[in-house]
Amino acid sequence: MTDTVTLNSGSSKHTLLVVDGHSLAFRAFFAMPVDNFSTSTGQATNAVWGFATMLAQVIDTEQPDLLGVAFDVKGGTFRNELLPQYKGTREAAPEELLTQLPLIQRLLTALGVTYIEKPGYEGDDVIATLATMGDHAGYHTLVLSGDRDAFQLVDDNVTVLYPGHHFKDLKHMDPQAIIDKYKVTPAQYPDLAALRGETADNIPGVPGVGDGFAAKWINQYGSLEGIAAHADEIGGKKGESLRANIDQVMLNRKVNALVRDIDLGVSLNDLTFGSIDAGALDTLFKELEFGARTKTRVLKTFNTGGGQTAADQGKGRPDNQSQAELDLNLPDNTAISTVQQFDAWIDEHRHDIAVSEEVAAFKAKDFSDHDTHIIIGENVHHTWTLAAWGDDRPGRSHVQALAIEAGKHAVMIAFPCEAALHEALNAFLSQEHGRIIVHGYKELLHLLAAAHLDLDLPLFDTKLAGYLAQPDFHADGLIQAAEHFLDIQVDEETQPAQGMLDFDAESTQPDADEQRLRDLSIIRELAGTLAPVIDQREQYWLMRAVELPVSRVLFEMERDGAKIDTVRLRGMRDQFAQDARFAQETAWQFAGSQLNLQSPKQLQKVLFEDFGLKPTKRTKSGSYTTNASALQDLYIRSVDNEQANGFLGALLRHRETNKLKQIVQSLIDAVNPADERIHTTFEQTVAATGRLSSVDPNLQNIPNRNAAGREIRGVFVPGEGYESLLSCDYSQVELRIMADLSGDEALIEAFRSGMDFHKYVASMVYKLPVEEITGDQRSHVKAMSYGLAYGLSTYGLAQQLKIAPREAESLKNRYFETFGKVHDYLESLVTTARSKGYTETMFGRRRYFPALQSTNRVARDAAERAALNAPIQGSAADIMKIAMIQASRALREADVRSRIILQIHDELVVEVAPGEADQVTALVRNAMEHAVELAVPLDVSCGIGADWQLAAH
DNA sequence: AAATAGACGTA
DNA sequence: CGTACGTCTATTTA
């Protein structure tokens, strides 16, 4: 690993670091989970801790000579007088953050760091003034701020450090970086911002104008004045929009200009730092209940940090501590090939393995016991780590090597290996599985299976643990996971792109072993970091009783795959291709040109320019949408224009048939010729709610909504030795979960009644007898019910049902009058997510929602809908996972050959062996119905048939 | 060659 | 101005 310290050591200039205190405090607050950081008296400390470590990190990296921190101060500024709505939509900072600001300031005082507040001005103005002072005194100034207004300060002597997605990747915004990003100079940036507006600060810009257009105009006319002077020359909608809003823009420009010459009452001499008040710091850290490690970390930086001259820096600087450097001690490696070597190695290291029997044997057979909290804690330190390398794609897996590690030593076995060693390995795995740590149990099972080996439930899976800890973070490989969770930098150059996947059969270079040893040590480190997190959140049950067992079920489903009637599939492809071609010909005739029907751009031209049709909706990038619902709309409204109408009809037919052709072709390409089966891969660590997803190919989006598409399901058939497919699905699971979790008596009664659910609900909502409910009423209520769990707006509901917004509004009101507790429950989901920072499913699966605190309304609203949906969709996913484990076990214990082959969120597809239909239907239905006991019954409907389409019910 | 946008299939 | 996904194609960008 290389030291990447460039900085100012080579330059003669000294550096001034100016920090936007509020910006950093916000960042720290939302980056650290509050509940992991509070004192016994309940004082939140996450922002203080984050502030201290983030600041220390930046100081370590940048080595400034002077340091000043600017804070906003309560009360308005001159900006509020210019723009009354300034920052009007910004929500007050959370109470838990506000109480930490004085603590942060105390910390800075104790560390000898100067902080500055100036009534009547914002922190940004203080920063601008300090930067200007530094500039005059010949310093290079770094401005640490997450506020883009600071970009106007950038010049050759001022660089803004702007945090990216992760705080640690600070972008150094110098003049060139600003030009690259915005196409204008830093000095022009405020002009651009004035045109665009700032939603976070409630400053409207010119509607329809974003960074791109603003930059174009600025470059054309030089400045805002130039644009204003030539506003009449700018054509189009955007020009019109500009003229209408020019006053607002000029006002914005006044407001976003930073004041650079405040009388702060401090001089640069006051900005030295490093004279620590050890006593005050000690008292503060005790009060905050920070551990010794934090103190050492902070002291290390601030003791050696500032106040020194550039000449001192060579020796005083801690070795690039910006990323808590973690020493990946590679284990000693022994390559072995005989059973004697293996036995000797195992015997030598067995005494290092000391996982408690209770934990090692934990099986969680009784799923109702899900609040049994098993703690792994220290156990992960006395374990084997096991990994294998090769190709883990289902249906074509292939293993090259396997390694076992016991702390400091590892054995590496190449495949194929001798029979006696194989047998010893199998014995080892079956005896030791409960003491083994892996990364990706499912993938490992594919690799092991390629060597005719098996592994019963391991103790811990770092891939699954990472997913439970942060379901929104997606690491594509072991290395990314390490970089994220361990905060280390792994040299990736020689690493195969796919992490543990390695398709290169020749990869037996000397490097390969070292990479594999590194993989092992990363897995061990990850376990050491993640196990305490899982423990602390009481999620080990989820991992051991749900995720790990379901991994095993998924492995079997992937391995077995689904048999395809390839002849019929090819026939369908040809038919759809012919239909699509015909539709295309027709469309071309109406259009009078051979345009590409799959190009939205060309379609826009033909529809909205050539035909002159009136566009309906816009896409998010501003162009006019040509999606199906828009085309449908245009089709209806263009009845008097024969040519356009004909074109639209043909286009719609082409869209549909061509899509089906694509789907069918992708299935053809995915069939494994060896067994004429499709082996999909179920991703278990991708969907943030806890659902599975399916790739290569995606078998969870095979058409089902209209007859033509549904035909495709007919090519999924039972394979040789099987006679039918069984499909079982949950009816209205998510609604049932809502009934249970909300405790709403009316909704619970609706489910217990056993009647046509939507009709029954409609009769309650409209206060009419069930017999009098019309089809429209039923379908409206049905849409309302389903929309609930998504946070559907009345506007959206109106749009979907093609009714007036007021009607939708009144439907919603009546609905919530009838099911009051459902309403309260949904609100409570968002409220608790806001205060805790995360949501939780019935089984403790968490999802964090930092965006709930966003100052951006769009982002915040989206987060609220996601937070509303996550526990509901996630609980349904949990229930299905448990059902799969139970069903799989029931089938195994009944000793039948029938097997689960697909899962489509609320549906299981089972390949049924001759004579087992009734028994298997009963077993699967029972497993699904009783996966969990709710206040309402779980209703499962089953169908059986000669193919997947015929199994529908 | 890789990334983005737009469209659309599922629960 | 509805959540969660994956895949295809066209188009832009490096």
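Numbers restart at 1 for each chain; the letters A, B, ... are given by sequence-line order, proteins then strands. All values derive from a computational prediction rather than experimental measurement.
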SB check [X] [Y] (cutoff 4.0 Å):
X	Y	value
A/R677	A/E911	yes
A/R713	A/D947	no
A/E558	A/R393	no

Over all strands shown, is [X] touching base, sugar-phosphate only, or nothing at heavy-atom distances under 4.0 angstrom?
X	result
A/A688	sugar-phosphate
A/D696	sugar-phosphate
A/G787	nothing
A/Q799	nothing

[X] has an atom [atom1]; how far is it from atom [atom2] of [N], in whole Å?
X	N	atom1	atom2	value
A/Q584	C/dT9	CD	P	14 Å
A/I737	C/dT3	CD1	C1'	14 Å
A/M738	C/dG2	CE	C1'	13 Å
A/L829	C/dG2	CG	P	18 Å
A/Q665	C/dC8	CD	P	10 Å
A/K812	C/dG2	NZ	P	11 Å
A/H474	C/dA4	NE2	P	16 Å
A/K605	C/dA10	NZ	C1'	17 Å

### Query
Quick one: ring pair (Phe, Tyr, Trp, His ring centres under 6.0 Å) partners of A/Y467, sequence neighbours excluded?
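Not a single residue meets the ring pair (Phe, Tyr, Trp, His ring centres under 6.0 Å) criterion with A/Y467.
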### Query
Would you say a side-chain N or O of A/N596 is under 4.0 Å from OP1 or OP2 of C/dA10?
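For C/dA10, OP1/OP2 do have a side-chain N/O of A/N596 under 4.0 Å.
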### Message
With a cut-off of less than 4.0 Å, is there a side-chain N or O of A/S693 near OP1 or OP2 of C/dG6?
### Response
yes
Could you list the residues that satisfy side chain to side chain donor-acceptor pair (under 3.5 Å) with [X], not counting sequence neighbours?
X	answer
A/Q684	A/E547, A/S551
A/D472	A/R847
A/S888	none

### Task
Report, as a single string ordered 5' to 3', how protein heavy atoms within less than 4.0 Å touch nucleotides 5-11 of chain B: B base, S sugar-phosphate only, - not at all.
SSSBBBB
### Task
Taking atom P in both B/dA5 and C/dC1, compute the distance separating them and give it to the nearest angstrom.
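One P to the other, the span is 16 Å.
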What protein N or O atoms touch nucleotides 12-14 of chain C N or O atoms at under 3.5 angstrom, if any, and at what distances?
{"residue": "C/dT12", "atom": "OP1", "partner": "A/K601", "partner atom": "NZ", "Å": "3.0"}

### Message
Please confirm whether the ring centroid of A/Y848 lies under 6.0 Å from the ring centroid of A/Y838.
### Response
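Ring centres of A/Y838 and A/Y848 closer than 6.0 Å.
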### Query
What about A/F647 and A/H654, are their ring centers closer than 6.0 Å?
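Judged by ring-centre distance (under 6.0 Å), A/F647 and A/H654 do not meet the cut-off.
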### Query
When rounded to the nearest 0.5 angstrom, what is the spacing between CZ in A/R710 and CD1 in A/I702?
14.0 Å
### Query
Does A/R847 or A/Q662 map to a spot on DNA chain C nearer the 5' end, using the closest nucleotide for each?
A/R847
